[in-house]
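Everything below concerns the one structure shown next.
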Amino acid sequence: MSADLRLAGAALGCWLAAIGSLFLPAWGGWALAGGALLVAVARPGGPARWVVVAVAAGVACGSAATAARIGERDAEPLRSLAARHATVAAGLRIADDPRLGRPHAGRDATVMVPARLDWIGLEDGRRVTLSARVLVLAGDRGWLGLLPGQAAEATARLSPAGGGDLQAALLSVGSGPRLIGAAPWVQRAAGVLRAGLQRACQGLPAEPGGLLPGLVVGDTSRLDPALDDDFRATGLTHLTAVSGANLAILVGLVLAAVRWCRAGPRVAAIVCVVALVGFVVLVRPSPSVLRAAAMGGLALVALALGRPRAVVPSLAAGVLGLVVADPALAVDAGFALSVLATAGLVLVAPRWTAALQERGWPRFAAEALAVPAAAQAACSPVIAAISASVSLTTVPANLLAAPAVAPATVAGLVSAVLSPLLPSAAAFAAWLASWPARWLVLVAHRGADVPAGLLPWPGGVVGGLLLGGLVAGLLIGFRWPVVRRWVLVVAVAAVLGAVPVRLLAPGWPPPGWLIVACDVGQGDALAVAAGPGAAVVVDAGPEPDAVDGCLRRLGVERVPLLVISHFHVDHVGGLEGVLRGRAVGGLLAPAFAEPAGARAAVLRRGLAPVAGPSLTVGGVRIDVLGPVRTVTGTNSDPNNNSLVLAATTGGLRVLLTGDAENEEQLSLMGAPGLLRADVLKVAHHGSAYQEGAFLDAVRPRIALVSVGAGNTYGHPNPAVLDRLARGGAQVMRTDRSGDLAVVRDGDGRLAVAARGA
């Protein structure tokens, strides 16, 4: 055990040194000095002395390796060229599969390509040879489909990369790549198999068909974003990040086949290593795959030598070797989660399994509970630090999902292998794999719908350390029966206290909601109820995830009418989120064509345009009040040509004003009677550009202000809010109260329910 502790200490010291050196380059040296001091004061000959020596050695390795990579990252002339955003010719070698980012209005989705920069051509004609990590941001989709190892040339504009990693620069490229030769044959073969699996899944339903390549080879390019969100909410996202579980399934199958052929340990180990290397090439060497492959490779070496498998030394040696080889792994969340999950499985799960068996549990049931619980306990501090939340559904969801993972993975691998030669057989294997994948989809959706299944928690380092301390305290305290009893009492009390509250207040959305102002940050997105599962959506906010989350929480599956008040990005940037998995019946948009780029991006979606002074959709009547005429030469012409609508639903009249400012508000005063409304969506996030007479003419009972917390525009204006309040309006803001739903109470009176910021 002392040797295991020394190896684990060296791995931990190397990891911490790499983290510190990436953010504070002097940290590594200070840590090494501190380690030497601890060695000096340690009891001579005691085991602690050698553990500290191992930690100090790990710190030295981590500091030296990271310093070397930082020197490579900050080398001249690349650093200076990036600082002044120079345009250069660049020779690149693709490092990982290009991926497509999410589109935003006004611009197409950007292709992101991790690469190594081999050389740059300077303005004076000189070519400088170097080796640095870069990220290519390309506007041309010709970069998609390039394989790792492929050499290419391009003209690019350099920009500095963010701190805290080993990326030397960002390269913005407007044209397609100039390819130099072909990718290595191994990568071409892997690309054929990955593409074949995608083809085999094309005939499947969208959600399982997009999930299956992620389960098998980590290809999430077709994974539905809403399903991805549900996987994250239920703690199942590790299933789409190929890791030790996938390798264990593969190696277990290969090992069983080799042993069935009566091969010896050495032959079995060699065959398994070949299968392991091939699988790593197929799925791409992500941090979790590298960690699992390193650990598995060491375990196979132990098998070949006829020695019993030592999991802890294998894990520690794998961490040490990988962090020295690539210090950037030290700050990769996926790598940390993979290592912690494995540590939980090998150190905690066996003890919990044995304890449950001692209490009469069958072994299979004890393992089924102990394995996901141990992995979640080990990973929860990092998850909390990243997501600022704690999931209560992770363990049950993983229990339900576990039986489906192996069948889906095995059938998916068979489909990938068969795809180049037997496409029909590959499609049949993919169809078989889709059934366990459908079960995983169902578990994710149902788990994400559990009320209060995701609890808020402090994020960042403080939140992670706080939860880590709590988990450690519970693990230690559970040794005493009195602690276990108190924890059980508190847990039961919390559940019994929460259940009546959930029954009396069923959560979000409130029953019978009429209109909801979505909390999308500094932007607008509103939903007007238009029947079961349907809503008229007015604007889409600045980015897709926020509006998609709001509509999903409301259960909106159909959008019979999408209204765009004007084409500023804070109203159309989230259009992709509205369209996710939803059928959109028609598009109502203003005639004013600015900003032209954003308008073109919206129209490219091919939504059916609708027009007219009045529309009736799903029981919602839409009256177009403005713009009365085209206004130019104002503070913001797009704002002053916003669509201004009166929506009537359930006997409620709502005035939707977009970002109309003084000039358009004045133009609407010709018929002030038409402005009267029960609910006012305050124009332009409550800015100061409001006409008092306009607000007085509306005389709303409820005023909704869609505004982002901490925005730099001074929105909303206090004087505007005061005027609305003095006029008798209940003023509600999304930055303080989150999603806002207008409802009728039991007496038929209007009220506002707030989801909470």
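All figures in this text were calculated on a predicted structure; none of them were measured in a lab.
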Report task. Among residues two or more places apart or on two chains, list those pairs meeting disulfide (SG to SG under 2.5 Å) that have a residue in residues 576-656. Result -> none

Report task. Before giving the answer on side-chain hydrogen bond (donor to acceptor under 3.5 Å, both in side chains), spell out for Asp659 and Ser642 the whole-Å C-alpha distance, their side-chain angles and the decisive distance to 0.1 Å. Result -> CA-CA 6 Å; Asp659 277 359; Ser642 293; 5.8 Å; no

Query raised in the report: Counting distance only, does the side-chain N/O of Trp439 pair as donor-acceptor with the main-chain N or O of Leu400 below 3.5 Å?
Result: yes

Query raised in the report: Who passes salt bridge (charged side-chain N to carboxylate O under 4.0 Å, His left out) against Arg446, sequence neighbours left out?
Result: none

Distance-only polar pair, side chains of [X] and [Y], donor-acceptor under 3.5 Å:
X: Asn717; Y: Ser687; value: no
X: Glu663; Y: Asn640; value: yes
X: Gln198; Y: Arg222; value: yes

Report summary line: Across all chains, not counting sequence neighbours, the ring-ring contact (aromatic ring centres under 6.0 Å, His included) partners of His684 are His715

N/O donor-acceptor pairs under 3.5 Å from side chains in residues 584-598, not counting sequence neighbours:
none

Query raised in the report: Quick check: are there more than 12 heavy atoms from other residues, nucleotides or ligands sitting under 6.0 Å from CZ of Phe694?
Result: yes

Query raised in the report: Looking at the rings of His685 and His568, which for Trp means the six-membered one, are their centres under 6.0 Å apart?
Result: no

Report task. Could I get the full list of disulfide bond (SG atoms under 2.5 Å apart) partners for Cys201, not counting sequence neighbours? Result -> none

Report summary line: For residues 633-655, the salt bridge (Lys or Arg N to Asp or Glu O under 4.0 Å) pairs (sequence neighbours left out) are none

Report summary line: Between Lys681 and Asp524 the two heavy atoms that sit nearest each other are NZ-OD2, 2.5 Å

